[in-house]
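Each chain gets a letter, A, B and so on, in the order the sequences are listed, and its residues count up from 1. Because the structure is predicted, anything quoted here is derived from the model rather than measured.
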Amino acid sequence: DTGVSQDPRHKITKRGQNVTFRCDPISEHNRLYWYRQTLGQGPEFLTYFQNEAQLEKSRLLSDRFSAERPKGSFSTLEIQRTEQGDSAMYLCASSLRGGGETQYFGPGTRLLVL
Amino acid sequence: RKEVEQDPGPFNVPEGATVAFNCTYSNSASQSFFWYRQDCRKEPKLLMSVYSSGNEDGRFTAQLNRASQYISLLIRDSKLSDSATYLCVVNDFNKFYFGSGTKLNVKP
């Protein structure tokens, strides 16, 4: 399967714990995006990488959130000291610069904070 | 004000009907535009890009009106399989803003 993959698909955690999600983009894609989606809403942009450089961060991304893409391939999104309001679907997407900006989404990681 | 606004619907239409969705965006400098489709509990998938001259892909037609800052999607001859949420997406310098989506239910 050469699509975008995300791990884990589901995560249940207690408030105050740290969680980390992984995204593996389509192999030749140099752009990678993280989004958060809650019920009844569209995906909200969180951050964007071009290769290993984090070029944009949303104001939604508080200090408790950090994302990395150390070698320009897979990316991780960490949430520290989780809060119940962090419960959402976290989506990763990748695209190829110069490839028409089409984003291909992974299946998402559904987070539930108890 | 939200960057992208859509009527949430739902639009309930019979098979074979023609249905149209609109979407408005706030930044006149937005660079590119898309419609994505999202099925329940699935990830969004690109339906079509939206070009200034308008574009068509089978039963789907997308239009962009930059002067009025709105985007439209027309679906002709609706199929049961068209039932989904349709997301309007605007690209502002590589930050992609999604609308909340318009839900379409196509009934037999």
Side-chain angles (χ1 to χ4, degrees), chain A residues 1 3-7 9-10 21 23-26 29-51 53-61 88-112, chain B residues 1-11 21-27 30-52 55 57 60 62 64 71 73 84-105:
Chain A
D1 187 331
V4 179
S5 62
Q6 292 187 245
D7 184 68
R9 296 288 305 276
H10 300 90
F21 310 142
C23 170
D24 287 87
I26 293 171
H29 284 185
N30 49 10
R31 290 183 168 174
L32 187 148
Y33 304 80
W34 284 100
Y35 295 88
R36 179 174 66 191
Q37 186 173 24
T38 53
L39 198 61
Q41 300 297 315
E44 294 175 294
F45 172 84
L46 292 179
T47 190
Y48 145 63
F49 291 85
Q50 183 160 300
N51 301 312
Q54 188 173 18
L55 297 186
E56 289 283 351
K57 282 177 66 170
S58 166
R59 290 187 301 275
L60 294 173
L61 217 62
M89 174 75 88
Y90 290 84
L91 290 161
C92 174
S94 70
S95 69
L96 183 63
R97 184 184 179 194
E101 301 168 307
T102 299
Q103 294 188 34
Y104 296 86
F105 282 82
T109 294
R110 189 171 294 279
L111 173 66
L112 178 60
Chain B
R1 184 184 170 185
K2 282 189 164 184
E3 288 86 1
V4 181
E5 306 232 31
Q6 292 182 254
D7 180 345
F11 285 58
F21 309 137
N22 287 331
C23 158
T24 57
Y25 60 96
S26 60
N27 185 357
S30 296
Q31 299 166 299
S32 54
F33 310 87
F34 308 87
W35 284 101
Y36 276 70
R37 170 193 170 129
Q38 187 170 28
D39 293 292
C40 189
R41 303 183 74 83
K42 297 284 192 180
E43 71 273 19
K45 293 187 177 176
L46 178 70
L47 180 65
M48 58 198 305
S49 302
V50 187
Y51 303 120
S52 297
N55 48 303
D57 182 2
F60 298 85
L64 168 64
I71 306 150
L73 177 68
T85 296
Y86 290 84
L87 298 163
C88 174
V89 186
V90 172
N91 174 15
D92 285 353
F93 301 95
N94 295 315
K95 290 175 73 171
F96 288 78
Y97 294 101
F98 285 71
S100 297
T102 298
K103 189 168 175 57
L104 172 65
N105 295 318

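- Among all heavy-atom pairs drawn from B/S100 and A/Q41, the shortest one is OG-OE1, 3.2 Å.
- Taking 4.5 Å as the limit, some side-chain heavy atom of A/R110 sits within range of a side-chain heavy atom of B/R41.
- Heavy atoms closer than 4.5 Å to chain B are found in the side chain of A/E56, but not in its backbone.
- Rounded to the nearest 0.5 angstrom, B/L46 CG and A/S95 OG are separated by 11.5 Å.
- Judged by distance alone, the side chain of B/Y36 and the main-chain N or O of A/Q103 form a donor-acceptor pair under 3.5 Å.
- To the nearest 0.5 Å, atoms OG1 (A/T47) and NZ (B/K95) are separated by 9.5 Å.
- Using a 4.5 Å cut-off between heavy atoms, B/F96 contacts chain A through both its backbone and its side chain.
- Looking at every heavy atom in both residues, A/L91 comes nearest to B/P44 through CD1-CD, 4.1 Å.
- Atoms CZ and CG, on A/R31 and B/N94 in that order, are 4.0 Å from each other to the nearest 0.5 Å.
- In the displayed structure, A/Y104 atom OH is contacted under 6.0 Å by at most 12 heavy atoms of other residues, nucleotides or ligands.
- In this structure, the separation between CZ on A/F105 and CD on B/Q38 is 8.0 Å, given to the nearest 0.5 Å.
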